[in-house]
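What you are looking at is a predicted structure, and each value in this text was computed from that prediction instead of being measured. Every chain is numbered from 1 and lettered A, B, ... according to where its sequence line falls, protein lines coming before strand lines.
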Amino acid sequence: MSALLSVEGLRVDYLTAHAPFTAVRDISFEIRPNEILGLAGESGCGKSTVAYALMRLHKPPALVRKGRILFQGRDVLSFSDKELRAWRWSEVSMVFQSAMNSLNPVMTIFRQFHDMLRAHGPVTRADAMDRTAQMLEMVGISADRMHAHPHQLSGGMRQRVALALALSLQPKLILMDEPTTALDVVVQREILQEVLRLKDKLGFSVLFITHDIALMAQISDRIGIMRAGEIVEIGAAEQIVSAPAHAYTRSLWEAMPTLAPQMEGATHVV
Amino acid sequence: MLSETPILQLDGLSKTFNVRPIFGRATQVEALRNVSLSLHPGRALALVGESGSGKSTVGRMIVGHHRPTAGRILFEGRDIAELTSRADQMRYRQAVQMVFQDPFSALNPAHTIRHHLARALSLHQPEVDPEAALRAILEDVELDPISTPAKFPHELSGGQRQRVNFARALAVKARLIVADEPTSMLDVSIRKSILGLMQRLKAEHGLAILYITHDIATAEYLAEETAVMFRGQVVEQGPTASVVGAPQHGYTRLLRAAVPDPALRLTGSDAGFAAEAQRVRAASVPPVAQMRDVALGHRIAEHAEVTHA
């Protein structure tokens with residue numbers, strides 16, 4: 001299977017007053033069509049920098065020093081501003097950790113959809129409204145909430161809105177940077193099952209970034225473990241869980257506070 | 001089982017906030033509804049719940065940030081609302097210390113660690129040699145006693161800063177620590193070591209710890225007792241082994257089932273979880289009519305109107 005996105009020898013430096021700090025050290029990986037690739041590591045390991053660089057959202061002092069990012073064979077690093085604007089969101093979109101920060105607090109949900117749809121082609125207000133309604137229903141929010149402002153929605157609903165926005169143009173790849181870290185475990189589970197359901201229905205790939213490797217193991221097909229800007233191990237999720245090869249991966253598992261097996265039956269309430 | 005009086009007892013605690021936004025109507029939010037809990041010296045009580053469940057409000061009321069709308073907070077048998085003399089209030093504030101979620105904002109960035117701890121030591125333990133006491137306290141929280149005092153907060157990692165916060169509670173000889181999500185901003189890899197530190201402080205210093213968390217998985221590491229809160233009410237409480245190991249209330253079971261388990265693959269076709277979550281939430285909102293015993297010391301809420309499965 002050919003890769004949807006391949007990253008070859010990517011290096012990202014942060015320029016500082018002294019020597020540049022290398023946040024991402026010559027990493028290579030690929031994301032296949034319809035695949036969820038997890039990227040795990042501690043804070044500061046460079047995992048978010050990778051996501052920002054992939055979408056070319058990194059800003060100075062961050063600098064891509066070398067390497068290639070190929071999206072369906074096209075070189076992302078050579079895109080012009082215009083190409084980049086068209087490419088972002090229609091082919092690759094992103095869901096950030098805090099939906100409150102990625103939604104505009106003074107605009108209604110509908111206006112944020114309308115803005116985004118207009119930026120990618122002519123659309124009438126009525127069509128935009130239909131599309132918004134359809135997308136909100138798809139992530140389990142009733143369509144009449146499109147006239148609400150972000151602060152009128154709960155944290156979980158805001159994250160669903162962010163997901164709906166990211167899916168609207170049917171991109172082939174969605175980058176999710178700690179999409180559920182600010183939410184409690186029950187809502188987290190609901191949203192991730194929603195992502196999986198939509199993936200089955202629409203077909204897209206996900207780069208899923210989190211520090212919670214147990215969560216990552218539950219939804220990823222393959223997992224990459226990052227430390228200090230390098231991918232120390234990458235492999236199938238089952239292998240990372242049951243037979244981690246790298247000592248650092250094992251230490252991550254050991255550090256996880258996990259629940260003792262439940263006493264009586266039911267590991268699952270449903 | 002435990003004969004001595006609890007160090008802390010919450011008795012029918014309720015808190016209603018009046019929210020008056022700049023625009024729109026004033027509303028009332030019932031943050032806490034009739035919460036009763038008790039905590040003994042040398043033990044830890046985990047207070048578990050989702051965001052907005054009222055667990056942090058409990059912590060803030062114990063340290064006196066908010067006054068109860070109804071109910072009492074008893075410290076060693078005395079209602080803290082009756083501690084009116086300055087000496088009594090000082091003693092209470094010394095005995096009860098809070099450790100916050102964000103380890104950076106709790107320390108003054110312009111001062112060294114020595115300043116943070118020496119001030120507390122000189123105010124509360126004026127009789128001891130400050131340098132020796134400083135070193136002893138840093139060793140107690142497993143920080144390097146030689147290099148740490150001269151450092152500023154930004155020179156320490158999140159985990160080390162959180163250790164300084166615990167050291168500060170030790171410096172004033174606290175007997176009860178209210179720890180509000182002390183590990184949730186730390187990396188997974190150091191979370192366990194902070195839990196280990198709290199475990200040791202509890203055992204060696206006889207500290208009582210109220211451990212406020214949304215992570216039910218960490219309760220098992222530290223707390224003998226666990227209380228689960230939902231929408232301002234305690235829905236289940238008892239020994240941690242039994243509450244976390246064999247939860248009986250619908251909401252606790254939901255919470256327990258949602259903890260990421262690497263052995264359980266999630267699928268998109270499983271709509272059962274979301275439906276169950278919705279049903280359990282709706283059933284857990286009505287006022288608790290009574291607490292029913294399900295095992296020794298293990299009690300679950302029975303809600304008015306709707307009963308849970």
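- Counting heavy atoms from C-beta on, the side chains of B:Thr267 and A:Gln193 never come closer than 4.5 Å.
- Here A:Ile219 is the residue among A:Ile219, A:Ile213, A:Leu192, A:Val195 with the most heavy-atom pairs under 4.5 Å with chain B.
- With a threshold of 4.5 angstrom between heavy atoms, A:Gln188 approaches chain B through side-chain atoms but not through N, CA, C or O.
- The pair A:Glu254-B:Arg191 does not count as a salt bridge, with every side-chain nitrogen at least 4.0 angstrom from each carboxylate oxygen.
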Open item on the list: Let's go through B:Glu50 and A:Val186 carefully: what are the C-alpha distance in whole Å and the side-chain angles of both, what is the deciding distance for side-chain contact (heavy atoms from CB on, under 4.5 Å) to 0.1 Å, and is it a yes or a no?
Closed with: CA-CA 8 Å; B:Glu50 60 175 8; A:Val186 178; 5.8 Å; no
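- For the atom pair CZ of B:Arg265 and CG of A:Leu196, the computed distance is 8.0 Å after rounding to the nearest 0.5 Å.
- Taking CD1 of B:Ile190 as the start and OG of A:Ser43 as the end, the distance is 7.5 Å to the nearest 0.5 Å.
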Open item on the list: With side-chain contact (heavy atoms from CB on, under 4.5 Å) as the criterion, how do A:Val185 and B:Leu255 come out once you've worked through the C-alpha distance, each side chain's angles and the decisive distance to 0.1 Å?
Closed with: CA-CA 7 Å; A:Val185 286; B:Leu255 204 59; 3.8 Å; yes
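- Salt-bridge annotation for B:Asp261 and A:Arg189: absent, with no side-chain N of the basic residue lying under 4.0 Å from a carboxylate O of the acidic one.
- Of the two parts of A:Val187, the backbone and the side chain both hold a non-hydrogen atom closer than 4.5 Å to a non-hydrogen atom of chain B.
- No more than 12 heavy atoms of other residues, nucleotides or ligands sit less than 6.0 Å from atom CD of B:Gln278.
- By the 6.0 Å contact criterion, CZ on A:Arg111 is open, its count of non-hydrogen atoms from other residues, nucleotides or ligands being 12 or less.
- Heavy atoms of A:Ser251 lying under 4.5 Å from chain B are absent altogether.
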